[in-house]
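What follows is a short report on a single structure.
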Number of protein chains: 2
Amino acid sequence: MSGTVKVDISMSLDGYVAGPDDGPEQPLGRGGEGLHEWVVATEGWRERHGYEGGTRGVDSQMLEEAFAGVGAIVMGRRMFDLGEPYWGEDPPFRMPVFVVTHEPREAIVRGKTTFAFVTGGPEGAVELARKAAGDGDVSIGGGADVIRQLLGAGLVDQVRLHVVPVLLGGGASLFEGLDPEQVRFEQERGIGSDGVTHLLLRVVR
Amino acid sequence: MSGTVKVDISMSLDGYVAGPDDGPEQPLGRGGEGLHEWVVATEGWRERHGYEGGTRGVDSQMLEEAFAGVGAIVMGRRMFDLGEPYWGEDPPFRMPVFVVTHEPREAIVRGKTTFAFVTGGPEGAVELARKAAGDGDVSIGGGADVIRQLLGAGLVDQVRLHVVPVLLGGGASLFEGLDPEQVRFEQERGIGSDGVTHLLLRVVR
């Protein structure tokens, strides 16, 4: 259990990780899809989804780094619900995924990915994910409420923040309500392409 | 009048350009000073203020670019009031500065800098600044309300956004209330040091 816990998420210039007025028609809210265009375009993402081609360079490198060394993933129930229809029979994670939920549910195995449902809150999910990851890292994919809660609880070591040059005007705010005295960062790197800028931040204890 | 109008401002991770609870004791709000540490540390800034030494590299380059080609500056009244005690008899601008205010006031000349007070709102100040700049660019230094109003009016060509890895938790939001459909960006560059990441954004018409 010596790995790190890292958040990996795309955010708009105005601080949202999903847009306003989300619903079945637009699960990521108005404009929210635009946050993920950079990742969907990369060679690494396309390969994990069984397609050829795609962009190389810094964005693809960031995606590879996101998965490198990761032994387990934590995500919110909403993110699971949104993604499931798209992931198909061989989801791109290929490792244990712990889904934070209020309703107990049987685990699901799909290809090389296991989805286990955890009712002990984000902290409980991270604890299980750390065990499952062994020496590997744990990656937190969202949503905003899971990340905010873990940052507030001091359970995150690193934030990989992908700042996309769009405004969303509302939606799920990543940092709102956190105590600036308690949640502090040191920047390790800031590097961009023409569609996104990647900030690698270490959480200061 | 062929120059561009560019915004140049530092912003926290959670989207604020000044912190909460501002007042005489903390004119930039709680934590707001931290937004400008990167610029104060650069060689270029120190030279303009009559000091030696300072950091070189990407941050200093960004400061040099901020002034390069600029023929006039627009700022809000609050920013003028905050800065005036520090700028002394030879303010670092060394060009015409147009201050947006509600109260008419005589112009001030200090060293190579002229401060003219404009009651025609941010748009009126930009119009005068464009004339004064001739073929040069106009730089908008803040505050948030001046920038928001000019972005909303479609009067900004470029935003040079310096994202500082701190949370402020409240204060003056740079983008709040803007219409995401109306204010759109294309990223020209994203580049960082260990204290700040610089996003160069072109406003899409």
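We name chains A, B, ... by the order of the sequence lines, and we start the count at 1 in each one.
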Quiz item: Would a distance-only check, ignoring hydrogens and angles, find a side-chain to backbone donor-acceptor pair under 3.5 Å from Gln26(A) to Asp21(A)?
Solution: yes
Quiz item: Counting only heavy atoms not in Arg105(B), do more than 12 sit closer than 6.0 Å to its CZ atom?
Solution: yes
Quiz item: Side-chain contact, heavy-atom cut-off 4.5 Å: Val163(A) with Leu13(A)?
Solution: yes
Practice problem: Pick whichever of Leu199(B), Val159(B), Leu201(B) has the most heavy-atom pairs under 4.5 Å with chain A. | Solution: Leu199(B)
Practice problem: Report the C-alpha distance between Arg78(A) and Asp22(A) in whole Å, list the side-chain angles of each, state the deciding distance to 0.1 Å, and finish with yes or no for salt bridge (Lys or Arg N to Asp or Glu O under 4.0 Å). | Solution: CA-CA 11 Å; Arg78(A) 226 170 82 93; Asp22(A) 62 293; 2.6 Å; yes
Quiz item: Of the backbone (N, CA, C, O) and the side chain (C-beta and beyond), which part of Leu161(A) lies under 4.5 Å from a heavy atom of chain B, both, or neither?
Solution: side chain
Under 3.5 Å, sequence neighbours excluded: what are the donor-acceptor pairs made by side chains of residues 114-121 of chain B?
none

Quiz item: Is the closest side-chain heavy-atom distance between Arg205(B) and Asp157(B) below 4.5 Å?
Solution: yes
Quiz item: Is it the side chain or the backbone of Leu168(A) that comes within 4.5 Å of chain B heavy atoms, both, or neither?
Solution: backbone
Quiz item: chain B heavy atoms under 4.5 Å from Val196(A): which part of the residue, side chain, backbone, both or neither?
Solution: backbone
Quiz item: Shortest non-hydrogen contact from Val39(A) to Leu63(A)?
Solution: CG2-CD1, 3.5 Å
Quiz item: Can any side-chain N or O of Arg160(B) pair as donor or acceptor with the backbone N or O of Met62(B) at less than 3.5 Å?
Solution: yes
Practice problem: Report, by ascending residue number, the residues of residues 173-195 of chain B in heavy-atom contact with chain A at a distance under 4.5 Å; give 'none' if the set is empty. | Solution: Phe175(B), Leu178(B), Pro180(B), Val183(B), Phe185(B), Gln187(B), Gly190(B), Ile191(B), Gly192(B), Ser193(B), Asp194(B)
